[in-house]
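In what follows, a single structure is set out as structure tokens and then discussed.
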Amino acid sequence: METTDAFRGLECIDCGATVDAEDATHECPDCGGILDPTYEYGAIDLDRDSIESRPFDSLWRYEELLPFARDSAVTMDEGATPLVECEKLAEELGVGRVLVKDEGRNPTGTFKDRGQTVAVTAATQHGADTVALASAGNAGQAGAAYAGRADLDSEVFVPSRSGFTNKAMINVHGGEMNVVGGRIGDAGAAFEEALAENDEWYSLQTFSTPYRHEGKKTMFYEIVEQLEWAVPDAIVYPTGGGVGLVGMYKAAQEFEQLGITDELPKLYAAQAEGCAPIVEAFEAGRNVHEPVEHPDTICGGIEIPDPGASPWILEALRETDGGAVATDDDDILEAAIAVAKGEGLEMAPTCAAAASGAWDLAENGEFDGDETIVILNTGTGNKEADVLRSHLMGHGI
Ligand SMILES: *Cc1c(COP(=O)(O)O)cnc(C)c1O
Ligand SMILES: [Zn+2]
């Protein structure tokens with residue numbers, strides 16, 4: 001296995017076991033917990049100048065802080081997305097600045113590419129032939145795309161309610177698509193059953209592979225660099241499994257450790273009211289979520305009723321003095337339309353939960369008035385233009 005110099009291996013966030021990344025490919029061999037890549041930060045020679053001297057061209061420009069080197073990566077130059085100033089939004093929210101990190105500009109249109117570039121690179125390092133996952137759609141599309149690029153077969157399990165673009169493109173990328181009746185939980189169960197029967201499959205499932213949150217953490221590095229090394233006051237993130245949220249929490253701690261920054265941003269989890277296990281746990285002061293029995297939201301990408309990493313997500317919200325907010329589908333669609341109309345940026349409904357959540361936080365007096373707020377637009381609106389359009393039609397437009 002070819003790894004970067006400071007990469008030390010994997011550590012279980014539940015029991016603390018440390019394991020060799022060559023031997024352990026997925027969950028903790030001792031307790032089944034989530035494995036997290038570790039580094040010897042003292043051996044990493046990175047500062048603001050050395051980072052700035054590199055072209056802003058791909059998330060792999062931070063390769064010292066990733067397990068694998070850029071020249072061994074399965075990459076399409078994902079990441080390096082714009083951070084777009086939104087003056088009208090700032091005025092409406094009554095804060096100093098609002099910037100949207102536009103992850104819709106990634107190769108397959110969402111930030112899932114950041115996770116899959118690292119996870120599929122790990123799969124090639126481990127000699128996999130077939131990668132497999134269950135997905136609401138975007139992670140499956142990204143997984144199929146990166147698998148194709150790496151000459152791997154892919155098996156993707158999506159729920160029947162997954163969007164047309166996702167389903168179409170999984171096939172176009174050469175993936176084997178398994179449509180499962182029902183919702184993401186049903187697709188997940190069908191995937192687990194198939195995985196048990198095919199031990200040669202290499203799982204790309206979030207937090208089963210240790211590498212998807214590792215790829216997504218680079219969003220934070222980019223945001224800080226794009227703000228000329230200022231840490232934003234708050235980051236609002238549309239939260240499902242929380243992969244990107246814990247990734248950014250980790251990245252913020254890493255930059256502190258390296259002396260590149262000296263504070264953490266407040267991290268806010270935005271969810272849809274129809275499936276808000278993190279918001280419920282946060283508000284109740286609990287350290288772990290309770291699964292949502294009947295999830296129901298049009299935001300497929302964050303309809304995750306049973307997020308296994310909830311203790312880590314809740315830690316991130318509390319340790320950064322952030323919070324959690326849920327808004328309903330109607331407000332979320334209105335937010336997507338308001339942002340598209342006023343700022344030009346195209347947000348899918350799932351992503352607009354972050355915009356809608358930021359609005360709600362502002363209305364509830366969470367901000368003082370001079371903050372810099374970053375809203376994550378995790379994916380492009382054109383994946384679900386039909387959903388946005390039909391909302392307008394429902395209002396006679
Ligand atoms: C998967 C997804 C999310 C949720 O991501 P997590 O990191 O699992 O919380 C948000 N937005 C979009 C567009 C997604 O595809
Ligand atoms: Zn463990």
Side-chain angles (χ1 to χ4, degrees), residues 10-19 24 26-36 101-106 108-116 133-143 158 162-163 165-166 184 188 204-208 210 212-217 219-220 235-250 267-272 275-279 289 297-310 312-313 316-317 324 332 336 346-355 357 375-384 387:
L10 303 167
E11 185 176 330
C12 177
I13 65 159
D14 292 331
C15 76
T18 54
V19 289
H26 291 84
E27 288 89 352
C28 172
D30 290 349
C31 79
I34 296 171
L35 291 179
D36 184 35
K101 180 69 170 159
D102 195 7
E103 291 292 303
R105 321 274 183 109
N106 274 299
T108 75
T110 75
F111 75 142
K112 291 295 196 297
D113 293 335
R114 291 185 191 262
Q116 298 299 18
L133 75 161
S135 158
N138 290 331
Q141 182 179 338
V158 290
S162 173
T165 305
N166 287 145
I184 181 67
L204 294 180
Q205 203 71 344
T206 41
F207 295 126
S208 172
R212 280 175 59 183
H213 66 281
E214 201 60 9
K216 284 186 177 180
K217 76 180 182 182
M219 291 188 295
F220 178 79
I235 299 179
V236 188
Y237 179 82
T239 305
V243 185
L245 192 116
V246 300
M248 289 193 291
Y249 177 50
K250 177 179 182 181
L267 294 173
Y268 290 91
Q271 299 200 293
C275 185
I278 298 297
V279 180
H289 75 288
T297 166
I298 43 114
C299 302
I302 55 171
E303 195 188 72
I304 308 293
D306 192 13
S310 68
W312 201 3
I313 301 169
L317 305 180
I332 291 170
E346 300 184 353
M347 290 185 153
T350 290
C351 322
I375 295 173
L376 259 298
N377 183 29
T378 43
T380 177
N382 67 29
K383 283 214 190 187
E384 290 179 89
V387 179

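Values below: all heavy atoms of this structure, side chains included; hydrogens, waters and symmetry mates excluded. For ligands, and for the atoms within them, numbers begin at 1 and follow the listed sequence. Here, residue 1 is the first one in the sequence, and each next residue gets the next number.
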task: Take Gln116 and Arg212 through the side chain to side chain contact (heavy atoms under 4.5 Å, CB included) test and state the conclusion after the steps.
output: CA-CA 6 Å; Gln116 298 299 18; Arg212 280 175 59 183; 3.8 Å; yes

query: Can you list the residues that meet the side-chain hydrogen bond (donor to acceptor under 3.5 Å, both in side chains) rule with Asp306, with sequence neighbours excluded?
result: His289

statement: Applying side-chain hydrogen bond (donor to acceptor under 3.5 Å, both in side chains) to Asp113 and not counting sequence neighbours gives Thr108

- line: Closest heavy-atom pair, Ala355 versus Met347, reported as atoms and distance to 0.1 Å, is CB-SD, 3.9 Å

field: Minimum-distance pair of heavy atoms, taken over all atoms of Pro277 and Pro307
entry: CG-CD, 3.8 Å

task: Would you check if the side chain of Thr378 reaches a backbone N or O of Leu376 as a donor-acceptor pair within less than 3.5 Å?
output: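 Not at all, since once roles are kept as given, no pair shorter than 3.5 Å links the two residues.
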
- request: Could you tell me whether a side-chain N or O of Gln271 sits under 3.5 Å from a main-chain N or O of Ile302, the two making a donor and an acceptor?
  value: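 A pair under 3.5 Å: no.
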
Give every pair formed by an N or O atom of ligand 1 and a protein N or O atom closer than 3.5 Å, one pair per line with both atom names and the distance to 0.1 Å, or write none.
unit_1   : atom_1 : unit_2 : atom_2 : d
ligand 1 : 5 (O)  : Tyr237 : OH     : 3.4
ligand 1 : 7 (O)  : Lys216 : NZ     : 3.3
ligand 1 : 7 (O)  : Tyr237 : OH     : 2.4
ligand 1 : 7 (O)  : Val243 : N      : 2.9
ligand 1 : 7 (O)  : Gly244 : N      : 2.9
ligand 1 : 8 (O)  : Gly241 : N      : 3.1
ligand 1 : 8 (O)  : Gly242 : N      : 3.4
ligand 1 : 9 (O)  : Gly240 : N      : 2.7
ligand 1 : 9 (O)  : Gly241 : N      : 3.2
ligand 1 : 9 (O)  : Gly242 : N      : 2.7
ligand 1 : 11 (N) : Thr378 : OG1    : 2.7
ligand 1 : 15 (O) : Lys112 : NZ     : 2.7
ligand 1 : 15 (O) : Asn138 : ND2    : 2.9

task: Give a yes-or-no answer on whether the side chains of Thr110 and Glu103 include a donor-acceptor pair shorter than 3.5 Å.
output: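 There is no such pair between these side chains.
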
task: Check each of Leu10, Val246, Ile13 against Ile34 using the side-chain contact (heavy atoms from CB on, under 4.5 Å) test, and report the only one that passes.
output: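 In the set Leu10, Val246, Ile13, the residue that makes a side-chain contact (heavy atoms from CB on, under 4.5 Å) with Ile34 is Ile13.
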
- request: Could you pull out the N/O/S protein atoms under 2.8 Å of the Zn ion (ligand 2), ignoring any water?
  value: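 Cys12 SG, Cys15 SG, Cys28 SG, Cys31 SG, with waters left out.
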
